[in-house]
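Residues take their numbers from the sequence shown, with the count starting at 1.
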Amino acid sequence: MKSAYDIIIRPIITEQSMEHIDIKKYVFEVAKDSNKIEISKAIEEIFDVEVDKVTTMNVKGKLKRTGRYPAGHRRSWKKAVVKLTENSKTIEFFEGMV
């Protein structure tokens, strides 16, 4: 059985993801084999909030080159956008970053 910390890998802190904090949308990198129900329960367990909706997407790794021949790929990963309910508290981890 996976723990909540195995499902939620890290928060995604970008300019675009920080714009949606006022409407209680947060972005996380999650395990590739996790589903929306597992992600929702993990967020509720870790941050003690109420999750309204979870949207997931698979992000394909980009082709990167460091010279002429050694071409490689960045890794592929899964992203989850979590929307909290209106009466839920905010996630304090993101508070000082806006």
Side-chain angles (χ1 to χ4, degrees):
M1 171 132 181
K2 294 187 285 189
S3 72
Y5 294 98
D6 293 333
I7 295 171
I8 307 299
I9 297 173
R10 67 183 178 101
I12 304 298
I13 301 169
T14 61
E15 192 172 333
Q16 187 175 9
S17 67
M18 292 294 116
E19 290 178 359
H20 300 292
I21 288 182
D22 55 342
I23 56 173
K24 295 186 178 180
K25 276 190 179 180
Y26 301 96
V27 183
F28 295 93
E29 179 183 346
V30 295
K32 288 184 80 167
D33 59 343
S34 61
N35 58 28
K36 292 180 181 185
I37 297 168
E38 291 174 339
I39 295 168
S40 174
K41 289 181 181 178
I43 293 292
E44 289 175 351
E45 180 183 330
I46 293 172
F47 297 108
D48 193 32
V49 294
E50 296 175 19
V51 175
D52 181 32
K53 184 178 178 181
V54 176
T55 308
T56 60
M57 61 200 79
N58 290 311
V59 180
K60 187 177 177 184
K62 294 180 180 179
L63 179 68
K64 297 303 284 182
R65 291 180 43 182
T66 57
R68 183 173 175 195
Y69 292 111
H73 282 89
R74 288 188 179 167
R75 65 184 179 88
S76 298
W77 53 286
K78 189 171 190 176
K79 178 169 38 172
V81 179
V82 178
K83 172 120 173 79
L84 304 181
T85 59
E86 290 296 323
N87 56 0
S88 176
K89 66 176 188 169
T90 60
I91 297 177
E92 295 88 16
F93 181 79
F94 292 93
E95 287 300 316
M97 298 183 189
V98 179

Considering all heavy atoms of both residues, which atom of Val27 and which atom of Ser17 are nearest to each other, and what is their separation?
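Of all heavy-atom pairs spanning Val27 and Ser17, the closest is CG2-CB, 3.7 Å.
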Locate the shortest heavy-atom distance separating Gly61 from Ser76; write the atom from each residue and the value.
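Looking at all heavy atoms of both residues, the shortest contact is N-OG, 3.1 Å.
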Distance (rounded to the nearest 0.5 Å) between [X] [atom1] and [Y] [atom2]:
X: Thr90; Y: Tyr26; atom1: OG1; atom2: OH; answer: 4.5 Å
X: Lys25; Y: Ile23; atom1: NZ; atom2: CD1; answer: 5.0 Å
X: Lys83; Y: His20; atom1: NZ; atom2: NE2; answer: 11.0 Å
X: Glu50; Y: Ser40; atom1: CD; atom2: OG; answer: 10.5 Å
X: Met57; Y: Lys79; atom1: CE; atom2: NZ; answer: 5.0 Å
X: Asn35; Y: Ile39; atom1: CG; atom2: CD1; answer: 7.0 Å

Considering residues at least two apart in sequence or located in another chain, which fulfil the side-chain contact (heavy atoms from CB on, under 4.5 Å) criterion with Lys2?
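Scan of Lys2 (side-chain contact (heavy atoms from CB on, under 4.5 Å), adjacent residues dropped) gives Asp6, Ile7, Asp33, Ser34, Glu38.
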Joint hydrophobic cluster, [X] plus [Y], side-chain heavy atoms closer than 4.5 Å:
X: Ile12; Y: Ile9; result: no
X: Ile13; Y: Leu84; result: yes
X: Val54; Y: Trp77; result: no
X: Met18; Y: Phe28; result: yes
X: Tyr5; Y: Ile91; result: yes

So, using salt bridge (charged side-chain N to carboxylate O under 4.0 Å, His left out) as the criterion, who are the partners of Glu29 when residues are at least two apart?
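Testing Glu29 for salt bridge (charged side-chain N to carboxylate O under 4.0 Å, His left out), a comparison that skips the adjacent residues, returns Arg10, Arg75.
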Does some side-chain heavy atom of Lys36 sit less than 4.5 Å from a side-chain heavy atom of Thr56?
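Answer yes - side chains close enough.
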Do Asp52 and Lys24 come close enough that some side-chain heavy atom pair is under 4.5 Å?
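Of all side-chain heavy-atom pairs linking Lys24 with Asp52, none is under 4.5 Å.
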Do other residues, nucleotides or ligands put more than 12 heavy atoms under 6.0 Å from Lys89 NZ?
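Counting neighbours around NZ of Lys89, more than 12 heavy atoms of other residues, nucleotides or ligands fall under 6.0 Å, so yes.
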